[in-house]
Engineer: 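Supplied in structure tokens, the structure appears directly below.
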Amino acid sequence: MAFNILVVDDSDTMRAVIKKTVLMSGVQIGEFCEACNGKAALEILEEMWIDVVLSDINMPVMGGVDFLREVKKDAVLKNIPVIFISTESSQARMDEVVSLGAAGYVKKPFMPAKIREVLVDVLNKAYATRMAEEGSGAAPVAEEQSDF
Amino acid sequence: MIGEIEKTQLNAAAVEVFGMMYYTPVELLPELPTQESSSERQYIKTAIEYTGSNRASICFYFPRTLAVNIAGGFLGIDEDQISDSQLIDTMREAANMIIGNFLGRIDPDGGCTLGIPQAEVTQGFSPDRARQGDELLAFISDFGHLWMIYNENGSGQN
């Protein structure tokens with residue numbers, strides 16, 4: 001099963017690095033989408049199915065926390081897991097986003113293996129939930145071997 | 001004045017970001033160099049501030065050669081293929097990570113909000129850019145001195 005992934009970050013450079021990291025992770029990727037802020041990300045979510053969002057917090061126009069609040073308010077979008085990849089590393093900020101419904105949190109700077117670990121964990125949980133709802137057996141999200 | 005604890009945490013943040021993301025060692029110098037040892041002519045000037053329970057404005061001057069090395073390794077492209085906009089974007093992110101990491105160390109309760117960094121290519125750097133109330137710091141790297149002007153009152157650009 002291939003997953004559609006959306007990366008939200010105002011830095012072109014960081015989006016490119018996250019994309020490379022995800023492509024090397026062993027997770028099967030369908031569509032790989034990018035947005036430069038939360039507002040642009042919401043527009044993409046309205047247009048196509050996304051399995052998981054990897055988002056920065058500190059962005060112009062609409063930051064990651066406001067983006068998550070909008071996602072959670074929407075009956076259709078609220079089950080899409082949102083993982084934050086952010087420099088904002090205080091425990092208070094992490095607790096805040098988890099309480100708002102974030103599926104995971106990766107601190108910048110990060111090692112590529114950390115992104116894979118969190119991404120695979122979140123996708124496995126989301127996939128297992130979906131398969132349980134459909135009454136099918138779950139399969140692993142990522143191959144055993146990654147390029148890390 | 002920036003305290004010794006903050007200096008130690010700034011150094012730890014810079015070392016972690018440059019080491020983990022860019023594989024480039026940097027180290028805060030205990031004393032300012034008497035003169036700029038490199039012949040660097042261009043810098044990527046990157047300003048960022050945080051507000052809230054504490055506030056400060058920070059302005060980094062990344063030597064262009066350091067920025068080119070970092071961006072090339074980060075993006076996986078040849079150094080002569082890197083554009084100014086890629087340099088600016090990469091160094092904005094570097095400043096964002098360093099100060100975000102620093103805040104995670106000195107502000108565990110999350111009382112501060114990090115601003116959006118702004119960057120531009122600028123010609124030369126002189127320690128004279130530091131004004132009254134500013135703290136001038138210098139990091140050593142394999143690609144020249146990385147300068148930082150810290151103002152705990154958040155009083156604008158240098």
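Since we're looking at a predicted model, the values are computed, not measured. Letters A, B, ... are given to chains in the order of the sequence lines, protein chains preceding strands, and every chain is numbered from 1.
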Engineer: Let me know if B:Leu103 has heavy atoms under 4.5 Å from chain A in its side chain, its backbone, both or neither.
Structural biologist: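 Looking at B:Leu103, nothing touches chain A.
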
Engineer: So does A:Lys39 have more than 12 non-hydrogen atoms from other groups sitting under 6.0 Å from NZ?
Structural biologist: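 Incorrect, the count does not exceed 12.
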
Engineer: For A:Asp10, is it the side chain, the backbone, both, or neither that has a heavy atom closer than 4.5 Å to a heavy atom of chain B?
Structural biologist: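 Both backbone and side chain of A:Asp10 come within 4.5 Å of chain B.
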
Engineer: Flag the one option from A:Ala92, A:Ser90, A:Pro109 with the top tally of heavy-atom pairs under 4.5 Å to chain B.
Structural biologist: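 Between A:Ala92, A:Ser90, A:Pro109, the count favours A:Pro109.
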
Engineer: Based on non-hydrogen pairs under 4.5 Å, which of A:Met14, A:Met111, A:Met59, A:Gln91 is most in contact with chain B?
Structural biologist: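 Top option by heavy-atom pairs under 4.5 Å: A:Met14.
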
Engineer: What distance do A:Met62 atom CE and A:Arg69 atom CZ have between them, rounded to the nearest 0.5 Å?
Structural biologist: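 CZ of A:Arg69 is found 11.0 Å from CE of A:Met62.
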
Engineer: If you measure only the distance, is there a donor-acceptor pair under 3.5 Å linking the side chains of B:Asn151 and B:Glu135?
Structural biologist: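 There is no such pair between these side chains.
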
Engineer: For chain A, which candidate among B:Asn96, B:Asn101, B:Ile99, B:Asp109 shows the most heavy-atom pairs at distances under 4.5 Å?
Structural biologist: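 Of the candidates given, the most pairs with chain A belong to B:Asn96.
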
Engineer: Salt bridge or not for A:Lys108 and B:Glu16, using N-O below 4.0 Å?
Structural biologist: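 The answer is no: the pair does not qualify as a salt bridge.
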
Engineer: Look at the rings of B:Tyr22 and B:Phe74 and say which category their plane angle falls in: under 30° parallel, 30 to 60° tilted, over 60° perpendicular.
Structural biologist: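 Perpendicular: the ring planes of B:Tyr22 and B:Phe74 meet at over 60°.
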
